[in-house]
Amino acid sequence: GAAPEDDASGSPAADTDFLACAVSDEGSWNDKSFNEAAYGGLVKAEDELGVEIQGLESSSGEDFEPNLTAMVEAGCDVTFAVGFNFSINDVMTNVANDNPDAHFVWIDGWNSGETNLKPIQYSMAESSFLAGYLAAAYSTTKTVGTYGGMDIDAVTVFMKGFENGAKYYEKETGTPVTVVGMTDFVGDFENTGLAKSISEGQLTAGADVIFPVAGGLFTATAEAIRESGGNAVMLGVDKDIAVTQPELADITLTSVEKRMTQAVFDVIQALADGEAFDIEPYIGTLANDGTALSSFGEFDDKVSDEIKTKLDELKAGIIDGSIDPLAAP
Amino acid sequence: MSTAQAAPQAPTPAEAGRPRWNDVLHDIAAGGFVRTIAAVILSLAVASILIVFTNDDVLGTLSYFFSRPGDFFVAAGQAIGNAYAALFRGAIYNYTATSFEAGIRPLVESLRFAGPLIAAGLGVALTFRAGLFNIGGQGQLVMGAIWSAWASFQLHLPWGLHLIVAMIFGFVGAGLWAGIAGFLKAKTGAHEVIVTIMMNYIAVSLATYLMRTPVLHDMDGGNNPTTRPPDETAVFPRILGEGFDLRVSFILCLVAVIVYWWLMERSSLGFRLRMVGLNPDAARAAGVNVGRMYITAMVLSGLFIGLAGINQSLGRDGNFGPGIDSGIGFDAITVALLGSSTAPGVLLAGILFGMFRAASPTMQLADVSPEILGVIQGLIVLFIAAPPLVRAIFRFLPKPREVTELNTRSKPQLEAKEEVQ
Amino acid sequence: MSAVATHIEPEVTQVASLAPRKWRTPVLLAIVAGVALIAFGLLGRDEPVRFVWSNAADSIVLPALESTSRLVGIVTGLIAAIAAGASFWYAANRRKVPVWIILIVGLAFLAGLVAWVGAGGNVPVVFLLTGAIALSTPIVLGGLAGVLGERVGIVNIAIEAQLLAGAFVAAFVASSTGSYLVALIAAMVAGSLVSVILAVFSIRYLVDQVVVGVVLIGLVSAITNFLYSSVLSQNSAALNNPGTLPRIAIPFLADIPVLGPVVFNQRITTYLMFILVPLVWFILFRTKWGLRIRALGEHPLAADTVGINVNRWRFWTVSLAGLIAGLGGAALTIGAVGPFVREMSAGQGFIALAAVILGRWNPWGMAAAALLFGFSSNFRVWAGQAGSALPPDLIEMTPYVVTIIAVAVVAGRVIGPKAAGKPYIKE
Amino acid sequence: MKLELRGITKRFGSLVANDAISITVESGQIHALLGENGAGKSTLMNVLFGLYQADEGEILLDGVPQHFSGPGQAMSAGIGMVHQHFMLIPVFTVAENIMLGHEPTRAGVINLPEARRRVREISERFGFHIDPDALVEDLPVGAQQRVEIIKALSREAKVLVLDEPTAVLTPQETDELMATMRRLAEHGTSIVFITHKLREVKAVADTITVIRLGKVVGEAPPSASTDELAALMVGRDVELTVHKDAPKLGDEVFVVRDLTLFSPAGVRQLDDVSFSIREGEVLAIAGVQGNGQTELTETIVGLRDKARGSITLHGKELVSEDVRHVLESGVGFVPEDRTVDGLVAEFSVAENLMIDRSFSGPFTKGPSIDFAHRDRFAEQAITDFDIRTPSRDTLVGRLSGGNQQKVVLARELGRDLKLLVASQPTRGVDVGSIEFIHERIIAVRDSGVPVLIISTELDEVIALADRIAVMYRGAIIDIVPADTPREKLGRLMAGVTE
Ligand SMILES: Nc1ncnc2c1ncn2[C@@H]1O[C@H](COP(=O)(O)OP(=O)(O)OP(=O)(O)O)[C@@H](O)[C@H]1O
Ligand SMILES: Nc1ncnc2c1ncn2[C@@H]1O[C@H](COP(=O)(O)OP(=O)(O)OP(=O)(O)O)[C@@H](O)[C@H]1O
Ligand SMILES: [Mg+2]
Ligand SMILES: [Mg+2]
């Protein structure tokens, strides 16, 4: 079977062990991005803590509720729901209220009064802001590009932070920076051809740093960059692409990490250790390292110390609130 | 006297009226029922192989197969047993549940999923009968859903009336959307396959756009494209109480089956639709306006699919997003084909597909990945649709009493092709 | 008497002076020209626009054409209007409006539109055209399989499945063997395998061709998803990292401005497309195999009565056509972006199906339809980037709306191979 | 080449189409096969040609047993066949149709000039005039039939099967074809000739075999009288001439004035056609196929909607009406090709008997169909018109051609008529049924209905008509009395007006 069902030996009756479960967004655990990052936390917990894990993939929004209910019936000690989409039709709220004894963690979600629902949220604009600044600083053409898979908050928050970061650079240095692609969306997370065309369009428009916020479609951008033959680079999202896709390390400047793997793992570890379930929202920020820029990898020596220092300053500014990554500078 | 019955043993007209029992039995055995069962058995057999060889436990035993082959067979048996037990538990009756109510929930869930599949399947089936191929289920469903949704929260009407008005909106939206393809076909000859494919994409984009604007969206509720939740007065009530999510819309889907049956088998309009589907030239010569029938067929198809969309939008208390179709529009094609475009066939095929959808979580928990489930579904359809193959494997099944015609149509098309550049 | 009578030839082609004139095409052209002249020209924005023909790195750099969008709109609008006027002359004389006139109006309209959208910025001509070809390559290759299939009487709904299978296999084989040649062959075999299933079930087991097609789409997408999850993504660096086929620049030709980068600096998949479209056309319409294939799609019984083995021919034609569709799949991965992504065919098989019909089951027509689709997809990308006022959700519709307009206005009533979709059963 | 069929049996399900049929055709002989519709003639020939596999029996050529698993093998053994239903591909040119299966090629590329040359050569040799580059679908049916014949001849068959080749030919064409057959026979070709026209059989055949109910019921020399042959075929005595009384003419109720029609391609198909028919009168239109008859009938019923001129029935203008309203105003229409325009093959007999009355009237009950009425009507029609069908629920596509034709007639005559338009009413129908159909048409006339008959069959025209109009190139060039000599009619059909 696929990795998700690794230890699903079909008898979820084992109450003695801790059972951690997750239900995917409309997508698979191997989306190279969002779902994969979350599921990674379960796998890590299985490897390191020896807990049992169980995953259910949803093929459409209609599957959310049955999948969550199935997890409750399977006796999961905690169930992760991955993605804001669980808000549609109030699925998360209803399932949580209907099963007061079960424990749920909702990634990118929120708590509207449920007693058994812990939200995990991320301030992705913070790290994207840094990425935007870095991109603008790194760019020789002073044109940077970004595009999204779909025009949804979970995507546009990255793009917005990125744009603001780049504009911050412009304001600070007085060098005009062009951000292209704020309205570029593929329309799905599958059409590699279109994603490549969008990337090529941005390269043609002079962009030499591209920030694709489109799940697995970054491979299309990578190819567009390679084909252009220039020195353009891209930025990853969710996971550190330079690590997960080592073959792309040479064009990946850095990645805007959404460290769900760790957050998920931490929740499981706490519960498995016998701590009580709490509904305190976990908010991943630059401050708590829930989100961050990856290391620069192969680009470490191409990013000047000056910029690195500047990024640290900005980070501090964001943490202390003096810079609002969501406000245009 | 002259006679056309070349065979002396052919029945005279008088005795032909009465069915003969051996023929009836023969037809049952050769036709639908036994063969369908055989096809399901066959596909489950093939599926078992897939389940065994994608199961991690089983694969684990393969590494030492030659030292302890027994393990393999035990594990394989377990994998298959678990998978089908899960199928049964997930789609029909959960025997591990503590109460009957919980036990029967899977069956209710199957029916809940089946409802829109049946309605949309009928819509696609109708176009097949009229000689058209409506691939546009997705777009029509989305239109039915957003039009009814609009009425469900933008209009504020008393209980009962509101639901009916919202439904009418849904029917109008889906019917009009489908009608465009019929209209273009009738007036310009545009091939409905192209138009409906394109209209799917357009419908989703349009719906997404509207789900960002105040038309459908609650502008205080974030920027993700969603509708607003319907007013309570416009939501289908539950049939079996709060414990089950089966709603009155399911009954409407069953009513749709009867309506479809009446329309296609009994009504004169259905007679004309079928006539156009089988021989448009003869239909035209018999006074039927073929173009008008194409429009009618598409609009009617849109109404059935619209019911599926209404079921999706008003069969819930909350909002929805552009993914509301969730594959129903496409599965409807398979349902229609599997049900050979007849009312009872579509009903059964819809329920079968509903069961697969309902069983997906339990099957996944039993280590059958959703992809394998998809493969099993495909195999069942293929085997049911391939009587000669099933007969070749189960040799005891009799051949149907089919005769085939060597009929050719040599006359050029009645309507001279318009040359267009 | 009989001497007289046997020489009667019922005359069907007498041209009468009273035959009605047909104004449909000229009127349509006039409308198009009018829109171009008024919307892009007279009412257009008067902002500078630069048509950029070359990259700075090209060996021959053409200077960019600088003008204002309104001027371009007026000039192209006038050109279109003159051509449309000429079409009225043809109609008035009861002659068919020649294709080149339609082409002129279409291209003039396009140029005006592009200048209108690009007002205030650059029009990257090479990007627009290269992207169009790149986006249409898988569609054209899939469409060729569709054309061949329907011509021989087998409706192939499963182009989507063939593209997906080819894409998967090409990425996987190229990554694991390191050989693009092997990968291309494997992708073609994969596409053909899908065809073989289609052929066997529809010919041998008489399953409705559309049913098999629909089922195959489901099956192949399930199988590739499964293998992607359980195999490729476990070790993507080794198993899903094929890179892309090298670009082959044809000496000298590749240096021609605009045409060079668009046509003569492509990958083998694209060159194969350039070769296969005319080749398939030639086979269909100039060789005996083509004659037989077309006969089978129109009237298989008639073909049978002259000794053509209907089902054998159908089987082989469809199976070989599958090779081309598999190549189309390879064009998605190693011919474009490299790695495989779940369901990356993203409906392009259906677009190919539409192109087959829009192109009237003719390889050239199909390729033109696919190119139109590719161009409008790419156009919407550029229009979005050039700062169109429309919201992205609506811009996304462009290629689909264009296709509907094309089929409704231009293509009109099309009648495909009559026997397509029907199994051949003798007894 | 000598052909022997020994004990051929062919079953379709429980139906025995050929029951141990044995026939011998000597080298150079023209052997006629007679038999009513559905007797099994075409089936037998399809077995010979390898399209069907016999359940029992064997085929011998010059004494050597043959096994044909497909037409390809039959053809290479020297058998050629002109099929009852055209085996032509409408969208192909004449040359393409003729060369299909044995294309002249260079490295697989078709040698078109060579193919054209072959077509011209054969058509000249046999006195046909066919443009090799014409599209078959643009050709009139008669010309298509000639293409079929050229196709068979081009393979230089030693045994030639002609299954009702004369059904759509003019008398002159038929004469020409029979001369061709004789010429071929003289060169040693054995010919099996199937027709329903006894006159032709007597004119050309060397021997005659009669088949009934799938069995050989007798052989006869060509000298046998037509009455004898008819009786042998049908199993009873048949009346071969139509008895009709002098017409009781009423008012001129059906009037066509200055009717002109252009095809979408701008070709003039009807040229100022004017005529009128009185109550109780049969006007028959004679003419070579393709001279506008099809267009005329289709314009009358509203299938062609861009005609200029006027058509009135009892004073009501029909030109701008759609088909439905034309039919509802009492026009009965028998289309020339029943399989295309007259019947829905996959509908049952009962359903086909109501296809043009589904909007309102006795077959409907509100929005629903009145099934009781439909079935009653069907039973009545089956009895009245002697439709040979296992049941009213049998699919029409499974009936023999003659019985299919009876279904169309039963439908069109089975209601109150104000005008009957019948095109080729007896095409492909056996003598017994022709007699019956003609009687029915005359009965309609005698009930005071104007009748318009279009037929390429001069016998039929002469038998039914009270007046004869001759069409040539879309125009009516003359309207003559019914007793006009055949020769004069033949000249008129060729466009010769004195
Ligand atoms: N020739 C035709 N072919 C197909 N449908 C038709 C035709 N004529 C009418 N209909 C449709 O059948 C339905 C019922 O028709 P009804 O008998 O009420 O028409 P009607 O009022 O007689 O029509 P009209 O006004 O065109 O004469 C209507 O939906 C109408 O559109
Ligand atoms: N493919 C078939 N399947 C089933 N029954 C068939 C098939 N072909 C012919 N028959 C039946 O076999 C019988 C003989 O048909 P056949 O076509 O040989 O008649 P025929 O003598 O040629 O008649 P006609 O003069 O009308 O052409 C008929 O009852 C016909 O319905
Ligand atoms: Mg016959
Ligand atoms: Mg009326």
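Order of the sequence lines sets the chain letters (A, B, ...), proteins ahead of strands, with each chain counted from 1.
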Could you give the distance from [atom1] ([X]) to [atom2] ([Y]), rounded to the nearest 0.5 Å?
X: A:Phe64; Y: B:Ser326; atom1: CZ; atom2: OG; result: 10.5 Å
X: B:Arg112; Y: A:Glu62; atom1: CZ; atom2: CD; result: 6.5 Å
X: A:Ser59; Y: B:Gln364; atom1: OG; atom2: CD; result: 8.5 Å

Residue [X] versus chain A: region with a heavy atom under 4.5 Å:
X: B:Tyr201; answer: neither
X: B:Asn94; answer: side chain
X: B:Gln312; answer: side chain

Testing the basics here: between [X] and [Y], what is the closest heavy-atom pair and its distance to 0.1 Å?
X: B:Pro225; Y: A:Ile152; value: CD-CG2, 3.7 Å
X: B:Pro361; Y: A:Asn67; value: CG-OD1, 3.3 Å
X: A:Phe84; Y: B:Asn224; value: CE1-ND2, 3.1 Å

Next item on the list: Report, by ascending residue number, the residues of residues 234-250 of chain B in heavy-atom contact with chain A at a distance under 4.5 Å; give 'none' if the set is empty.
Entry: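 Hits under 4.5 Å: none found.
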Note to self: Sub-4.5 Å heavy-atom contacts with chain A: which residues of residues 100-109 of chain B show up?
What the structure shows: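 B:Arg105, B:Glu109 fall under the 4.5 Å cut-off.
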Next item on the list: Answer yes or no: is there a donor N or O on one side and an acceptor on the other, between the side chain of B:Asn319 and the main chain of A:Asn89, under 3.5 Å?
Entry: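 Side chain of B:Asn319 to backbone of A:Asn89, a donor-acceptor pair under 3.5 Å: yes, one is there.
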Notebook entry, point to check: Are the side chains of A:Thr156 and B:Asn223 in touch, meaning some heavy atoms are under 4.5 Å apart?
Noted result: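 No; the side chains remain at least 4.5 Å from each other.
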Next item on the list: Pick one of side chain, backbone, both or neither for A:Glu73, based on which atoms fall under 4.5 Å of a heavy atom in chain B.
Entry: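 For A:Glu73, the side chain is the part near chain B, not the backbone.
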Notebook entry, point to check: If you check every heavy atom in residues 93-105 of chain A against those of chain B, which residues fall under 4.5 Å?
Noted result: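 Near chain B, by residue number: none.
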Check: Can A:Asp151 and B:Arg212 be said to form a salt bridge (charged side-chain N to carboxylate O under 4.0 Å, His left out), step by step?
Finding: CA-CA 10 Å; A:Asp151 187 0; B:Arg212 294 183 203 285; 3.6 Å; yes
Checklist line | Pairing residues for A:Lys196 by the salt bridge (Lys or Arg N to Asp or Glu O under 4.0 Å) criterion, not counting sequence neighbours | finding: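 Partners of A:Lys196 under the salt bridge (Lys or Arg N to Asp or Glu O under 4.0 Å) test: A:Glu200, A:Glu227.
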